[in-house]
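Each remark here refers to the structure printed beneath this line.
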Amino acid sequence: MLRPVITIDGPSASGKGTVAALVARELGFHYLDSGALYRLAALYALREGVSWEDENQVARLAAQLPAAFTDDKVWLDGHDVSAAIRAEDIGMGASRIAALPSVRAALLERQRAYQQTPGLVADGRDMGSVVFPRAELKVFLTASAEERAARRYKQLIAKGESANLPQIQQDICDRDARDAARSVAPLRQEPDARLLDTSALTIDQAVKQVLQWFRER
Ligand code: C5P
């Protein structure tokens, strides 16, 4: 219990990253955004001219990812890639390379190294099932596909980008299907995870619920 872990897994655009980061801040815990590692590996492969289908080469790059998280920014090889890794095509690339077993294996220990005192909040798809199976609290955080698409649409418009709601919803459904259907670490609710459907909740309510579950244990 010296380094307790809270895992928050769930589908894309469910808000789990926002909730996880706020729970970590509230508790003074470390925070692992595991999706960012998959996004970084996809971006790195693209920049190195390696195809997302080339399992061995992508795994080689993932194992030596020159990435850092500092000052609220994400760095790759000394470049600020905080915005670049959030692009839709990189999200799709991340989901493709995440289906490759050697790539997942290459990132495993790097993720486990985040378990440090006083504790960790980790968000992703397989935090509770594979990376931290003994976590003190496991949450499966989701929202309806319509609600997730609407949230993503609002974010893009707020950033001044163009956005097409039906297209976003289709992309979200495609990504969910690929994440749930893959043979390694598929996205699913673990039997010992608590379900948090945020379709009708504010971020603040979702954060409070996770904190309450953690304190009640
Ligand atoms: O969470 P985020 O959308 O940033 O993740 C990008 C992609 O990385 C996901 O669609 C998923 O395929 C993959 N991923 C994963 N396992 C994780 C985190 C992310 O497979 N733990």
Side-chain angles (χ1 to χ4, degrees), residues 5-21 23-24 30-46 52-53 55 58-59 61-62 65 67 69 73-74 76 81-115 120-133 135 138-143 145 147-149 151-153 155-156 168-190 193 196 198:
V5 179
I6 299 176
T7 59
I8 304 189
D9 289 303
S12 47
S14 57
K16 62 189 185 314
T18 308
V19 171
V23 169
H30 299 278
Y31 167 52
L32 166 63
D33 171 4
S34 62
L37 291 176
Y38 287 93
R39 287 171 179 270
L40 279 161
L43 180 65
Y44 195 32
L46 189 69
W52 288 332
E53 315 296 321
E55 178 162 5
V58 179
L61 293 177
L65 207 56
F69 298 83
K73 290 201 169 84
V74 185
L76 182 64
V81 295
S82 319
I85 60 161
R86 298 291 154 204
E88 290 301 301
D89 62 328
I90 296 300
M92 213 44 103
S95 150
R96 280 184 195 285
I97 64 157
L100 308 172
S102 328
V103 173
R104 303 198 72 84
L107 291 173
L108 190 59
E109 287 314 316
R110 185 173 195 137
Q111 297 174 83
R112 289 192 173 144
Y114 278 80
Q115 187 178 0
L120 173 69
V121 183
D123 92 63
R125 304 293 186 289
D126 63 341
M127 296 297 99
S129 56
V130 176
V131 184
F132 302 107
K138 299 182 186 181
V139 177
F140 189 79
L141 191 149
T142 190
E147 179 59 29
R148 288 185 284 135
R151 290 177 188 169
R152 185 85 189 106
Y153 177 82
Q155 278 174 354
L156 288 170
I168 292 173
Q169 192 164 333
Q170 186 59 49
D171 286 351
I172 282 180
C173 291
D174 289 350
R175 183 123 56 105
D176 286 356
R178 189 164 39 236
D179 288 351
R182 69 185 177 214
S183 55
V184 278
L187 171 69
R188 53 153 197 219
Q189 183 185 352
E190 286 297 288
L196 183 54
T198 65

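Read the numbers this way: they start at 1 and go in the same order the structure lists the ligands and their atoms.
The immediate protein surroundings of ligand 1, defined as residues with any heavy atom under 4.0 Å of it, consist of Lys16, Ser34, Gly35, Tyr38, Arg39, Arg86, Ala94, Ser95, Ala98, Arg104, Gly124, Arg125, Asp126, Met127, Arg175, Asp179, Arg182.
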Next on the checklist: Does Arg151 form a side chain to side chain donor-acceptor pair (under 3.5 Å) with Thr18? I'd like the steps, not just the answer.
Outcome noted: CA-CA 12 Å; Arg151 290 177 188 169; Thr18 308; over 6 Å; no
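Considering only heavy atoms from C-beta on, Phe69 comes within 4.5 Å of Leu37 through its side chain. Put simply, the side chain of Met127 does not reach to within 4.5 Å of the side chain of Glu190, judged on heavy atoms.
Counting heavy-atom neighbours within 6.0 Å of Arg96 CZ, excluding the residue itself, gives a total of 12 or less.
The backbone N or O of Asp33 sits nowhere less than 3.5 Å from a side-chain atom of Asp123 that would complete a donor-acceptor pair. Under the 3.5 Å distance criterion, the side-chain polar atoms of Arg39 are left unmatched by any main-chain donor or acceptor of Ala94.
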